[in-house]
Undergrad: 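Dumping the structure here so I can ask a few things about it.
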Amino acid sequence: MERTPRAILFLLLLLLVDPGVAQNTTTGKADEFHVGVILDLGSLVGKVSRTSISLAVEDFYAVHQNYSTKLVLHFRDSMASDVKAASAAIELLDNYKLQAIIGPQKSSEAVFISKIGNITKVPTVSFTATSPSLTSDTMPYFVRATLNDSAQVNSIASLVKAYGWREVVLVYENTDYGRGILPYLISALQESDVHVPYQSVIPPSATSEIMMQELYKLMTMQTRVFIVHMSSTMTSLLFKKAKEAGMMDKGFAWITTNGVANIIDSLNPSVTEVMNGVLGVRYHVPKSKELDSFSIRWNRMYQQDNPDESPFNKLSIVGLRAYDTIWALAQAAEKVGISSAPNKQPWSIKNSTCSESMVISPNGPKLLAAIVQNKFRGISGDFDLTDKQLKVSVFQIINVVGRGWREIGFWSVKSGLSRQLNQNGLKTAGSASILDLNPVIWPGESTEIPRGWEIPISGKKLRVGVHTSNCPEFIKTFRDPVTNVTSASGLSVDIFEEAIKRLPFALTYEYLAFDTADTATTGSYNDFIYQVYLQKYDIAVGDITVRYNRSLYVDFTVPYTESGVGMIVPVKENMIKNMWIFLKPLSTGMWFGSIIFFIYTGVVAWLLEYLNGNQHVHGPFSLKQVGITMFFSIFEEKEKLERFLSRIVLLVWMFVFLVLTSSYTASFASMLTVQQLSPTVTDVHELQRKGEYVGFHRGSYIEGLLVDIGFEKSKMRPYETQEDFAAALSKGSKDGGIAVLVHEIPYIKLFLAKYSKGYTMVGPIYKSAGFAFALPKQSPLRAEISRAILNITGEDSINEIEKKWIYQNSHQHEDKIDGSGAITFESFGGLFLLTGIVTTCSLAVAMLMNLYKKYQQNAWSKEDDQNECGHGQQGENGHSQEEQGDQNSNEHGNCSDIEKQTTLTVPLSSNTE
């Protein structure tokens, strides 16, 4: 290839001024593999990277002395300029047969150079360009020898969630590097239910004055948690000014991404000191002896390359990645070798003066494949570029303290946050929480976890919207005509003010009355709450019901009142005139069950005594005998029961009978006394069937609820005040009033406190969340006020406030009688089962004993007959005591008389004489 005179002249100048190019003139046995290195050599990252790259070339070829190829590096300084970086790439491609390009340092520079690499098929390998916008789909010859910035977003979101912060502010520089992470970071935060109310954009050319103006703007906001994603230069300026503005004091929380956390050791000590208390997310580098040895040699070489630099600069992950990148490229170069094929004709590049000398590399595709297939254990850990970028492994969470940092935990994809890692790099125990991390020293040398938000220091008071209720006991507003100051009173206001007093911080506020004239609204509660969404109020206080449609645009605190919807119903005052009222204490099943067991027990007792030969039941079976036996234990002496089993049966039955009669007596007495105060209606659907009129409070959501239940609008009547409620209920449904009033339970309690006589509450018939305060979405005040409300409702304070405003009397009739209190058979099932088992088992035992005795008697009778007929003698010793008694009374009988007697004899016990 023939070079132009201009290119040859330029090459001669480079040989005189560039020592890197001078290396190219040396000849050796190994084939020269030309590589361009484009970095911002005036920056900290550029200096660290250059030392690591130079040391990597020395170490690699010291180990592989017999390799047939050798990297020849050509360094160029981009001076933090995208144009100069692209110009340097074109110049290197124009003057040298470049096989690869290392760098560039910035993501914006990588965009230009990668496009050039795509045209010339020269692989571009960057270990510092982390913007997610750089993808292999649009840049096939770009390889990222580091992690994508989006890889760290989940670790940051987990960290924010672990400390319970609900809002964060993103602070980033307005560059490709700064903007690239935003969509991924915001998405990860939203998945953790973390809101981003503001994004602070800092221009890359920001001065100290611009930085201070932005910091003062941040101080006027509530959020006190900041995530910083900026270059090291911009970050240093940011924290210096934040220190001056008082934003590095107690109550603030700062998190830096890995762009700064990775090089925290290399920052100036003065910068590290102002960053005390900052948390950082950085790549985790496993410790090894090789790393320790390399760090010593690297520090020595860095001081030689930069004698004017601070001796505090230390090796960072950037230097380690640069070192491993050179090793990966050198191995790929050896595998591919130097191609002897002629270079192909260049692609047409419009308006380019170098198009005639830029050619397509024939080795590019093979070299790219060798690079991405190279896997090894490097000085920085596992080095695998299979996906044209390193894979996510483990992130280290650090806390800047003094002039250094301390480790507080780790984060991995599989295990999340953890305090320590085991040998496999997995989490040792626990889930994502602050308990899994080491203690943190926060800004201001505080060990107390920042709340994450504060009331702005601008002196602005909390704007509390209030709305006069139709029930002034809950809230009533009035405005002073002289001072024009709005005041409020009522149960809701007392609870709100008590909650403010219990907050762990001072909070000033002012009441703003909801004025329908100013807002051009209908004055409904939905309009009132919507003012919070429009940011006219910071909080809405009043008798506000928590509803689903309202929760779509505001957040609610926990309810401070009892929840639910009930009915105000007139009570019955008529006397009981039912002649069969005595049957109601027991259900129908209970009556039938009791009668059946009563008869069954009596029959069994009769059988037991009959089989035992009791003279009271002796003789033929009759109803008279059954009746006598049933009432043995009630009307006769216990001695009349001669058999032990009979006494057991009746004893168990009397226990059941006693419990049953006691329950009947109690239920009947309660029915006679309380029945006079029972409600006229107990079921809301009963009103529908009868076509009764139902009342509700005008403008409330109860109207829609009644429609959903199935009421016709013609059967629904709205009312305004409690006096209207009482008047309508007293008239009744047939006289132009209503049968019941459907209302929320807090209002019902207030009504019954005034009209306790003649009315009661039925329900709740529908569940609701109760009254609460409304705040803007994601408001940090919501959790604090909710905790204060829970503290109030869990103590006697809520009772005192309710007594003050509702005058809740102790004699209000909240007891409900619905006619379903009859005693059922199932409720006594255990007792009936007990008496049934005892009775049946006793009968079975008696029958078995009777059969056995009958069998013995028949055997003895046959033997006696044989003796009487054969010998004419009575065998006194061969009969039982009962048979001897019979024989003594029939001593002169013949064989036929004995046979007849045996046939008619009933089995006798020892008690029979």
Undergrad: Just say parallel, tilted or perpendicular for the rings of F226 and F252, cut-offs at 30° and 60°.
TA: parallel
Undergrad: Would you find a donor on one side and an acceptor on the other, under 3.5 Å apart, between the side chain of S200 and the backbone of L170?
TA: no
Undergrad: Test the R144-F127 pair against the cation-pi criterion, namely NZ or CZ under 6.0 angstrom from the six-membered ring centroid and within 45° of the ring axis.
TA: no
Undergrad: Given side chain to side chain contact (heavy atoms under 4.5 Å, CB included), test M230 with I202 step by step and report yes or no.
TA: CA-CA 9 Å; M230 306 169 71; I202 308 297; 4.0 Å; yes
Undergrad: Could you go through V485 and E510, starting from their C-alpha distance and side-chain angles, then the distance that decides it, and tell me whether this counts as side chain to side chain contact (heavy atoms under 4.5 Å, CB included)?
TA: CA-CA 9 Å; V485 175; E510 61 179 347; over 6 Å; no
Undergrad: Between the main-chain N or O of R782 and the side-chain N or O of T557, is there a donor-acceptor pair closer than 3.5 Å?
TA: no
Undergrad: Ignoring hydrogens and geometry, is there a side-chain-to-backbone donor-acceptor pair from N276 to T272 under 3.5 Å?
TA: yes
Undergrad: I'd like to know whether I449 forms a side chain to side chain contact (heavy atoms under 4.5 Å, CB included) with W442, so could you lay out the CA-CA distance, the side-chain angles of the two residues, the decisive distance to 0.1 Å, and finally the verdict.
TA: CA-CA 7 Å; I449 299 174; W442 302 97; 4.1 Å; yes
Undergrad: Check whether any side-chain N or O of Q396 sits under 3.5 Å from a backbone N or O of G409 as a donor-acceptor pair, and report yes or no.
TA: no
Undergrad: Which donor-acceptor pairs under 3.5 Å do side chains of residues 178-185 form with protein atoms, sequence neighbours excluded?
TA:
| unit_1 | atom_1 | unit_2 | atom_2 | d |
| --- | --- | --- | --- | --- |
| R179 | NH1 | N174 | O | 3.2 |
| R179 | NH1 | N174 | OD1 | 2.7 |
| R179 | NH2 | D176 | OD1 | 2.8 |

Undergrad: Looking at every non-hydrogen atom in both residues, tell me the closest pair between A157 and S192 and how far apart they are.
TA: CB-OG, 3.8 Å
Undergrad: Could you go through the side chain to side chain donor-acceptor pair (under 3.5 Å) check for S231 and T233 one step at a time?
TA: CA-CA 5 Å; S231 64; T233 304; 4.9 Å; no
Undergrad: Would the number of heavy atoms belonging to other residues, nucleotides or ligands and lying under 6.0 Å from NZ of K501 be above 12?
TA: no
Undergrad: Okay, side chain of S563, backbone of S768: is any donor-acceptor separation there less than 3.5 Å?
TA: yes
Undergrad: Would you call L781 and L507 a side-chain contact if the rule is heavy atoms closer than 4.5 Å?
TA: yes
Undergrad: What class does the angle between the rings of W165 and Y163 fall in, given that below 30° is parallel, 30 to 60° is tilted and above 60° is perpendicular?
TA: parallel
Undergrad: Without hydrogens or angle criteria, can the side chains of D543 and S492 be said to hold a donor-acceptor pair below 3.5 Å?
TA: no
Undergrad: So, do H284 and F410 have ring centers that fall under 6.0 Å from each other?
TA: yes
Undergrad: Hey, do the aromatic rings of F556 and F773 have their centres closer than 6.0 Å?
TA: no
Undergrad: Taking the side chain as every heavy atom from C-beta outward, state whether V274 and M248 have any atom pair closer than 4.5 Å.
TA: no
Undergrad: Under 3.5 Å, is there a donor-acceptor pair between the side chain of S412 and the main chain of V394?
TA: no
Undergrad: Just verifying a value: how many Å separate K476 NZ and W805 CH2, rounded to the nearest 0.5 Å?
TA: 9.5 Å
Undergrad: Report the C-alpha separation of T128 and Q105 in whole Å, then their side-chain angles, then the decisive distance to 0.1 Å, and conclude whether the side chain to side chain donor-acceptor pair (under 3.5 Å) test is met.
TA: CA-CA 5 Å; T128 55; Q105 184 173 320; 5.8 Å; no
Undergrad: Fit a plane to each ring of Y747 and F474, take the angle between them on a 0 to 90° scale, and name the class: parallel (under 30°), tilted (30 to 60°) or perpendicular (over 60°).
TA: perpendicular
Undergrad: S797 and E498: side chain to side chain donor-acceptor pair (under 3.5 Å), yes or no, with the steps?
TA: CA-CA 9 Å; S797 301; E498 182 66 23; 5.0 Å; no
Undergrad: With the side chain counted from C-beta on, respond yes when E167 and Q778 share a heavy-atom pair under 4.5 Å apart, and no when they do not.
TA: yes
Undergrad: Taking atom types as modelled, find out whether N258 and Y283 have a side-chain donor-acceptor pair closer than 3.5 angstrom.
TA: yes
Undergrad: Using 30° and 60° as the class limits, which term best fits the ring planes of H467 and F528: parallel, tilted or perpendicular?
TA: tilted
Undergrad: Under 3.5 Å, is there a donor on one side chain and an acceptor on the other for N154 and W411?
TA: no
Undergrad: Any heavy-atom pair between the side chains of T486 and L512 that's under 4.5 Å?
TA: no
Undergrad: Is any side-chain N of the basic residue among E795 and R502 closer than 4.0 Å to the acidic one's carboxylate O?
TA: yes
Undergrad: Starting from the C-alpha separation in whole Å, work towards a yes-or-no answer on side chain to side chain donor-acceptor pair (under 3.5 Å) for N526 and R550.
TA: CA-CA 7 Å; N526 287 335; R550 296 171 178 174; 2.7 Å; yes
Undergrad: What I'd like to find out is whether the side chain of V153 reaches to under 4.5 Å of the side chain of I156, using heavy atoms alone.
TA: no
Undergrad: Evaluate E448 against K250 for salt bridge (Lys or Arg N to Asp or Glu O under 4.0 Å), listing each step before the verdict.
TA: CA-CA 9 Å; E448 180 181 351; K250 182 179 179 181; 3.3 Å; yes
Undergrad: Counting only heavy atoms not in E244, do more than 12 sit closer than 6.0 Å to its CD atom?
TA: yes
Undergrad: Can you tell me how far the CZ atom of R166 sits from the CG atom of D193, to the nearest 0.5 Å?
TA: 4.5 Å
Undergrad: Among W254, Y177, Y172, which residue meets the ring pair (Phe, Tyr, Trp, His ring centres under 6.0 Å) test with H229?
TA: Y177
Undergrad: Quick one, L291 with S295, criterion side chain to side chain contact (heavy atoms under 4.5 Å, CB included). Give me CA distance, side-chain angles, the key distance, then yes/no.
TA: CA-CA 6 Å; L291 178 60; S295 298; 4.1 Å; yes
Undergrad: Using modelled atom types only, decide if a donor and an acceptor are shared between the side chain of D387 and the backbone of Q389 within a distance under 3.5 Å.
TA: no
Undergrad: Is any side-chain heavy atom of V169 closer than 4.5 Å to one of I227?
TA: no
Undergrad: Examine the side chains of T130 and T146 and answer whether a donor and an acceptor come within less than 3.5 Å of each other.
TA: no
Undergrad: How far apart are the closest heavy atoms of Q152 and T257, and which atoms are they?
TA: OE1-CB, 3.4 Å
Undergrad: Minimum heavy-atom separation for P764 and I745, please, with both atom names.
TA: CB-CD1, 3.9 Å
Undergrad: Over all heavy atoms of both residues, which pair between V546 and A769 is shortest? Give the atoms and the distance, please.
TA: CB-CB, 3.5 Å
Undergrad: Quick one: are F395 and R282 in side-chain contact, heavy atoms under 4.5 Å?
TA: no
Undergrad: Under 3.5 Å, is there a donor-acceptor pair between the side chain of N399 and the main chain of I441?
TA: yes
Undergrad: Taking C-beta and beyond as the side chain, do T468 and I475 meet within less than 4.5 Å on heavy atoms?
TA: no
Undergrad: Looking at R419 and L437, would you say the former's side chain and the latter's main chain have a donor-acceptor pair under 3.5 Å?
TA: yes
Undergrad: Using a 6.0 Å cut-off, check whether atom OH of Y509 has over 12 heavy atoms from anything other than its own residue.
TA: yes
Undergrad: Taking Q213's backbone N and O only, do any of them form a donor-acceptor pair with K241's side chain (distance below 3.5 Å, no angle check)?
TA: no
Undergrad: So which atom in P776 and which in V532 form the shortest heavy-atom distance, rounded to 0.1 Å?
TA: N-CG1, 3.5 Å
